[in-house]
Asker: 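Sharing a structure with you now.
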Amino acid sequence: MRTQNAPLIQLKDYTPPAYGIDHVSLRFQLEPENTVVTSTLTVRRKGGTELNAPLVLDGDELALVSAAIDGAALSPSDYKLTDETLSVLTVPTTDVFSLTLVTRLDPSANTKLMGLYRSNGVFCTQCEAEGFRRITFFPDRPDVLATYDVRLEADAETAPVLLSNGNPGAKGSLDNGRHFAEWHDPHPKPCYLFALVAGNLDAWRDDFTTASGRAVDLAIYVEPGKAELASFAMDALKRSMVWDEQVYGCEYDLDVFNIVAVSDFNMGAMENKGLNVFNDKYILASADLATDTDIMHIEAIVAHEYFHNWTGNRITCRDWFQL
């Protein structure tokens with residue numbers, strides 16, 4: 001665990017990244033105390049970057065299992081590992097190459113609720129501002145945008161719902177009572193907008209048709225037995241989608257839009273692309289018990305996070321000073 005103070009970061013010191021990431025392929029073998037993450041990055045050398053410039057990736061409380069470039073395993077002399085970074089010292093001279101990293105995590109022990117954690121039986125992530133580095137080694141900054149493919153594997157009984165960003169792909173059964181689901185996000189995004197949720201959740205479902213005719217499946221996932229309490233939030237979501245079209249001409253651009261509301265979330269809500277995650281107090285409302293203030297908060301926050309689909313997700317900040 002890091003004990004030193006965080007370094008001072010000043011805007012005048014900003015420099016563009018030496019390497020970009022075109023695509024990220026993630027495989028999560030989810031276990032409560034022993035999750036294995038395999039990350040394959042398509043890395044591109046930026047113009048003007050020296051051939052021998054190291055590739056520096058951020059990391060926080062990660063156990064590195066292995067590393068390979070273009071399928072060839074790296075030896076300890078090929079990289080330098082510290083509490084905060086993984087620096088790949090032996091970098092190919094080609095402009096584009098593949099880096100595969102395997103890390104091991106303990107989601108149940110992650111009481112910071114940053115990165116990947118497990119609480120009340122549900123795997124969940126929170127990556128803004130710098131939580132993705134607690135999942136895998138990565139250039140954890142908002143000016144590195146990539147497309148993502150994600151494969152989630154988990155116990156089918158305790159985690160029947162497997163969610164991530166983007167559009168759903170293949171899903172099916174595995175050995176030993178496990179199952180998998182794949183997700184593809186075609187829109188480049190910074191890693192702080194990555195999201196994963198896996199657990200036993202109920203859903204309140206609806207659908208929406210955009211102005212151009214795209215059919216969108218909507219779902220709000222909540223803890224078991226609470227689905228009907230998400231009905232007002234769903235109505236607020238659909239009205240937000242209409243408003244963004246009518247006022248700004250911004251249509252939703254995926255086939256599904258999911259919200260997950262859990263009781264253990266360290267922010268009010270988070271605008272992860274296609275998979276918003278909320279503290280459930282800003283989603284759940286009983287017609288008999290909710291106050292006007294409760295309803296106003298749900299209305300405002302559901303709309304706020306949905307509007308981020310364009311202003312904040314598709315159009316992103318260059319650095320955290322731009323917040």
Asker: Evaluate N309 against R314 for side chain to side chain donor-acceptor pair (under 3.5 Å), listing each step before the verdict.
Answerer: CA-CA 6 Å; N309 182 67; R314 292 294 298 274; over 6 Å; no
Asker: Please enumerate all residues that pass side chain to side chain contact (heavy atoms under 4.5 Å, CB included) together with P16, with sequence neighbours excluded.
Answerer: Y14
Asker: Check this for me: K46, atom NZ, are more than 12 non-hydrogen atoms of other residues, nucleotides or ligands nearer than 6.0 Å?
Answerer: yes
Asker: Is any side-chain heavy atom of L284 closer than 4.5 Å to one of V222?
Answerer: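 Yes, close enough: below the 4.5 Å cut-off.
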Asker: For residues 91-100, which residue pairs pass the side-chain hydrogen bond (donor to acceptor under 3.5 Å, both in side chains) check, not counting sequence neighbours?
Answerer: T40-T100
Asker: Give the table of side-chain donor-acceptor pairs shorter than 3.5 Å for residues 23-31, with sequence neighbours excluded, one pair per line with atom names and distance.
Answerer:
unit_1 : atom_1 : unit_2 : atom_2 : d
H23    : ND1    : T147   : O      : 3.2
H23    : ND1    : T147   : OG1    : 2.7
H23    : NE2    : D149   : OD2    : 2.9
R27    : NE     : E153   : OE2    : 2.8
R27    : NH2    : E153   : OE1    : 3.2
R27    : NH2    : E153   : OE2    : 3.2
E31    : OE2    : R178   : NH1    : 3.1

Asker: Under a single-linkage rule joining Ile, Leu, Val, Met, Phe, Trp and Tyr whose side-chain heavy atoms are separated by less than 4.5 Å, which residues share a cluster with V36?
Answerer: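 Reading the cluster by chain and number, V36 sits alongside V65, V102.
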Asker: If a pair satisfies salt bridge (charged side-chain N to carboxylate O under 4.0 Å, His left out) and one of its residues is in residues 273-284, list it, with sequence neighbours excluded.
Answerer: K226-D280, D253-K273
Asker: Within a radius of less than 6.0 Å around CG of D13, do more than 12 heavy atoms belonging to other residues, nucleotides or ligands occur?
Answerer: yes
Asker: Can a cation-pi geometry be assigned to K189 and F194, taking NZ or CZ under 6.0 Å from the six-membered ring centre and within 45° of the ring axis?
Answerer: no
Asker: Between E245 and T210, is there a side-chain heavy-atom distance shorter than 4.5 Å?
Answerer: yes
Asker: Among residues at least two apart in sequence or on other chains, which ones pass ring-ring contact (aromatic ring centres under 6.0 Å, His included) with F180?
Answerer: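 F180 satisfies ring-ring contact (aromatic ring centres under 6.0 Å, His included) with no other residue.
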Asker: In the structure I gave you, are the side-chain heavy atoms of F257 and Y252 within less than 4.5 Å of one another anywhere?
Answerer: yes
Asker: Output all residues satisfying ring-ring contact (aromatic ring centres under 6.0 Å, His included) with Y19, sequence neighbours left out; order by chain, then residue number.
Answerer: none
Asker: Is the F307 ring parallel, tilted or perpendicular to the W243 ring (thresholds 30°, 60°)?
Answerer: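 Judged by the thresholds at 30° and 60°, the geometry between F307 and W243 is tilted.
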Asker: Among residues two or more places apart or on two chains, list those pairs meeting ring-ring contact (aromatic ring centres under 6.0 Å, His included) that have a residue in residues 59-117.
Answerer: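 Residue pairs with at least one partner in residues 59-117: there are none.
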Asker: Any side-chain heavy atom of L57 sitting closer than 4.5 Å to one from L55?
Answerer: yes
Asker: Give a yes or no on whether the backbone of E128 and the side-chain of Q126 come within a donor-acceptor separation of less than 3.5 Å.
Answerer: yes
Asker: Which residues pass the salt bridge (charged side-chain N to carboxylate O under 4.0 Å, His left out) test with R318, sequence neighbours left out?
Answerer: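 R318 satisfies salt bridge (charged side-chain N to carboxylate O under 4.0 Å, His left out) with no residue once adjacent residues are dropped.
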Asker: Would you please name every residue forming a salt bridge (charged side-chain N to carboxylate O under 4.0 Å, His left out) with R118, sequence neighbours left out?
Answerer: none
Asker: With sequence neighbours excluded, tell me which residues meet salt bridge (charged side-chain N to carboxylate O under 4.0 Å, His left out) with D143.
Answerer: R141
Asker: Enumerate the residue pairs fulfilling salt bridge (charged side-chain N to carboxylate O under 4.0 Å, His left out) with a member in residues 205-214, sequence neighbours excluded, ordered by first and then second residue.
Answerer: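 The answer is D206-K238, R214-D255.
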